[in-house]
Amino acid sequence: MVKKGLLERLREGPVVGDGSYVFTLEKRTYVKAGPWTPEVVVEHPDAVKQLHKEYIRAGADVVQAFTFYSTDDKLNLPGHEAGGTITCKELNRQACTIAEKVVGESDVLICGALSPTPSYTEGKGKEAVQREFSKQVEVFVEHDVDFLLAEFIGCIEEAEWAIELLKSTGKPVACTLRTGPVGDNSGVPAGECAVRMAKAGADVIGVNCKFDPTTCLKTVRMMREALDREGLSPFLMVQPVGFHCPEVEMQHEGYGMLPENPFALEPRQLTRFDVHKFARAAYELGVRYIGGCCGFEPHHIRAIAEELSAERGGRLGEGSKKHVPWGGALTSSVLGTNRAKASREHWEGMQPASGRPGHPNLQPKLMD
């Protein structure tokens, strides 16, 4: 079967991305919080395979090979164990192999992704940064992934260096920054960042992580307006965190400023109905690649796929066979309290509570 490529799919309608890996696998006991490095692809490959399968079953059109934070300079930072047992290339090869086995002969796309390098933070310069990136890119080309992504990049300069290297492969290139309305970590406005990503050659640009859907969509709107002024039209992409965190909207570090991050975020978790609203708002804004980052579980990805099913020609994941949107299957419950909730009206009007006596609506104090 000949797959349609990413750009062809985006021209036809929305593409559903996958969700959280590093956060979800930490909760499942396979990733260590702190380093957040992905040696799980070697130590417990079946855990990664299972999560890939769940996102595909939920309706994702794409799986990202689990290569987050997998450059040699990250694996070998002080206090990190991964670099003592595996190299960047070995880790990336294993991640790509896992994704290939899960995708098989299906039409799901495989993405090879870069993430920020310590070499950039340490000021080692373009050559050193691209040298670290190139080890990953060589593996992605070797495995002939469907498209490439630079994600979670904090500064537009590093993003430009990543895009330049990725474009040299001839594959479609996407790039997302971990930025909000205040701009990137070096103070460059979000709109200017978007223009610079597009001019560097990225086919798809946007934001991921750090901020919730509302803040991410505000940022993407700023990006789109700047792109329109320059006559640029890359596809737009958004993958927010799966937690409500409006009070960090104007903080560069986003939800990292919350006292609850990373171990007590569950009370802030998006519901599937929140994700329906997010997917519809993103689509109406003109975003065509819609997925999730930290905190987005398979049922959240299913919500995106179901909300945009009509725009995707009726396509749904296998997981929708076990689900009726908006509580429709509750009509068959033996419990009257459940049957009374079998309507879209109930779930759209319901206001979730935390269940915690005396809980703050919003954190009055962020991390210093």
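Basis for what follows: all heavy atoms, side chains included, without hydrogens, waters or symmetry-related copies.
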Quick one: does any side-chain atom of Gln239 pair with a main-chain N or O of Gly19 as donor and acceptor, under 3.5 Å? no

Taken to the nearest 0.5 Å, the spacing of Leu270 CG from Asp212 CG works out to 7.5 Å

What I want to find out is whether Glu192 reaches Arg196 closely enough, with some N-O distance under 4.0 Å, to be called a salt bridge. yes

So do Phe147 and Val62 actually touch side chain to side chain, heavy atoms under 4.5 Å? yes

So, Gln64 side chain and Ala113 main chain: donor-acceptor pair closer than 3.5 Å or not? no

Glu8 CD: over 12 foreign heavy atoms closer than 6.0 Å: yes

Would Lys218 and Met223 count as a side-chain contact (heavy atoms from CB on, under 4.5 Å) if you check the C-alpha gap in whole Å, the side-chain angles of each, and the deciding distance to 0.1 Å? CA-CA 9 Å; Lys218 287 181 181 179; Met223 290 181 161; over 6 Å; no

Closer than 3.5 angstrom, by distance alone: can the side chain of Gln269 be matched with the main-chain N or O of Gly242 as a donor-acceptor pair? yes

Could you grab the distance from atom CG of Asp274 to atom NE2 of His300, nearest 0.5 Å is fine? 7.5 Å

Heavy atoms of other groups near Lys27 NZ, more than 12 under 6.0 Å: yes

Centres of the His52 and Tyr21 rings: under 6.0 Å? yes

Taking the six-membered ring for Trp, is the centroid-to-centroid distance between Tyr255 and Phe211 below 6.0 Å? no

Counting only heavy atoms not in Glu12 (residues, nucleotides, ligands), do more than 12 fall under 6.0 Å from its CD? yes

Check whether the ring centres of Phe133 and Trp161 lie less than 6.0 Å apart, and answer yes or no. no

Is the backbone N or O of Gln363 less than 3.5 Å from a side-chain atom of Glu247, with the two atoms forming a donor-acceptor pair by type? yes

Side-chain donor-acceptor pair under 3.5 Å between Glu54 and Gln50, yes or no? yes

Do Phe68 and Tyr289 sit in the same hydrophobic cluster, where Ile, Leu, Val, Met, Phe, Trp and Tyr count as joined when their side-chain heavy atoms come under 4.5 Å apart? no

Shortest non-hydrogen contact from Leu75 toward His80: O-CB, 3.4 Å

Hey, are Lys277 and Glu348 close enough for a salt bridge, meaning a charged N less than 4.0 Å from a carboxylate O? no

Atom CG in Leu285, atom SG in Cys216: separation rounded to 0.5 Å? 11.5 Å

Got a sec: does the CD of Glu260 have more than 12 other heavy atoms crowding it under 6.0 Å? yes

How far apart are the C-alpha atoms of Leu366 and Gln251, what are their side-chain angles, what is the distance that settles it, and do they pass the side-chain contact (heavy atoms from CB on, under 4.5 Å) test? CA-CA 10 Å; Leu366 302 178; Gln251 304 288 329; 3.9 Å; yes

Just verifying a value: how many Å separate Ser70 OG and Glu132 CD, rounded to the nearest 0.5 Å? 10.5 Å

Give a yes-or-no answer on whether the side chains of Thr37 and Glu39 include a donor-acceptor pair shorter than 3.5 Å. yes

Within the 6.0 Å centroid threshold, strictly below: His346 and Trp326: no

Counting only N and O atoms by type, is there a donor-acceptor contact under 3.5 Å from the side chain of Lys53 to the main-chain atoms of Val102? no

Starting from the C-alpha separation in whole Å, work towards a yes-or-no answer on side chain to side chain donor-acceptor pair (under 3.5 Å) for Ser20 and Glu297. CA-CA 6 Å; Ser20 166; Glu297 300 287 336; 5.4 Å; no

Side-chain heavy-atom pair Leu236, Arg288 within 4.5 angstrom cut-off: no

I'd like to know if the side chain of Thr87 reaches the main chain of Gly83, judged simply by a donor and an acceptor atom lying under 3.5 Å from each other, with no hydrogens or angles considered. no

Answer yes or no: is there a side-chain heavy-atom contact under 4.5 Å between Leu77 and Pro118? yes

Answer yes or no: is there a side-chain heavy-atom contact under 4.5 Å between Glu138 and Lys89? yes

Check whether the ring centres of Phe273 and Trp347 lie less than 6.0 Å apart, and answer yes or no. yes

Main chain of Gly328, side chain of Thr331: is a donor-acceptor contact present, judged purely on distance under 3.5 Å? yes

Same hydrophobic cluster for Phe243 and Val238, using side-chain heavy-atom links shorter than 4.5 Å among ILVMFWY? yes

About how many Å separate CG of Leu149 and SG of Cys111, when rounded to the nearest 0.5 Å? 4.5 Å

For the pair Thr97 (side chain) and Arg93 (backbone), establish whether a donor and an acceptor sit closer than 3.5 Å, ignoring hydrogens and angles. yes

Measure the spacing between OG of Ser320 and CZ of Arg302 and express it to the nearest 0.5 Å. 6.0 Å

Answer whether the closest heavy-atom distance between the side chains of Leu109 and Arg9 falls below 4.5 Å. yes

Indicate, with yes or no, if Val15 and Ile304 share a hydrophobic cluster defined by side-chain heavy-atom contacts under 4.5 Å among Ile, Leu, Val, Met, Phe, Trp and Tyr. no

NZ/NE/NH1/NH2 to OD/OE distance under 4.0 Å, Lys321 and Glu318: yes

Could you go step by step and tell me if Glu253 and Lys210 meet the side-chain contact (heavy atoms from CB on, under 4.5 Å) rule? CA-CA 7 Å; Glu253 293 304 315; Lys210 287 293 185 181; 3.3 Å; yes

Do Val188 and Met197 belong to the same hydrophobic cluster, where Ile, Leu, Val, Met, Phe, Trp and Tyr are linked whenever their side-chain heavy atoms lie under 4.5 Å apart, directly or via other members? yes

Just wondering, do Met237 and Asn208 contact through their side chains at under 4.5 Å, heavy atoms? no

Glu284, CD atom: more than 12 neighbouring heavy atoms under 6.0 Å: yes

Quick test of your reading of the model: are Arg312 and Asp61 salt-bridged, counting only N-O distances below 4.0 Å? yes

Could you please spell out the steps behind the side-chain contact (heavy atoms from CB on, under 4.5 Å) verdict for Leu335 and Arg339? CA-CA 6 Å; Leu335 300 176; Arg339 293 195 299 273; 5.6 Å; no

Are the charged groups of Lys4 and Asp107 less than 4.0 angstrom apart, N to O? no

Quick test of your reading of the model: are Lys167 and Asp203 salt-bridged, counting only N-O distances below 4.0 Å? yes

Could you report the tightest heavy-atom contact between Pro213 and Val241, atom names first, then the distance? CD-O, 3.7 Å

Can you list the steps and then say if Ser119 with Asp73 is a side chain to side chain donor-acceptor pair (under 3.5 Å)? CA-CA 7 Å; Ser119 291; Asp73 59 349; 2.6 Å; yes

For Ser354, the option from His359, Arg268, Glu266 that meets side-chain hydrogen bond (donor to acceptor under 3.5 Å, both in side chains): His359

What I'd like to find out is whether the side chain of Asp146 reaches to under 4.5 Å of the side chain of Leu6, using heavy atoms alone. no

Among side-chain atoms of Glu157 and Tyr120, is any donor-acceptor pair under 3.5 angstrom? yes

Flag, side chain of Lys74 to backbone of Pro35, donor-acceptor distance under 3.5 Å: yes

Under 3.5 Å, is there a donor-acceptor pair linking the side chains of Thr176 and Glu151? no

Are His323 and Glu306 close enough that a side-chain donor and a side-chain acceptor fall under 3.5 Å? yes

State yes or no: do Val139 and Ile98 share one hydrophobic cluster built from I, L, V, M, F, W and Y residues joined by side-chain heavy-atom distances below 4.5 Å, directly or via other members? no

Does some side-chain heavy atom of Val137 sit less than 4.5 Å from a side-chain heavy atom of Leu114? yes

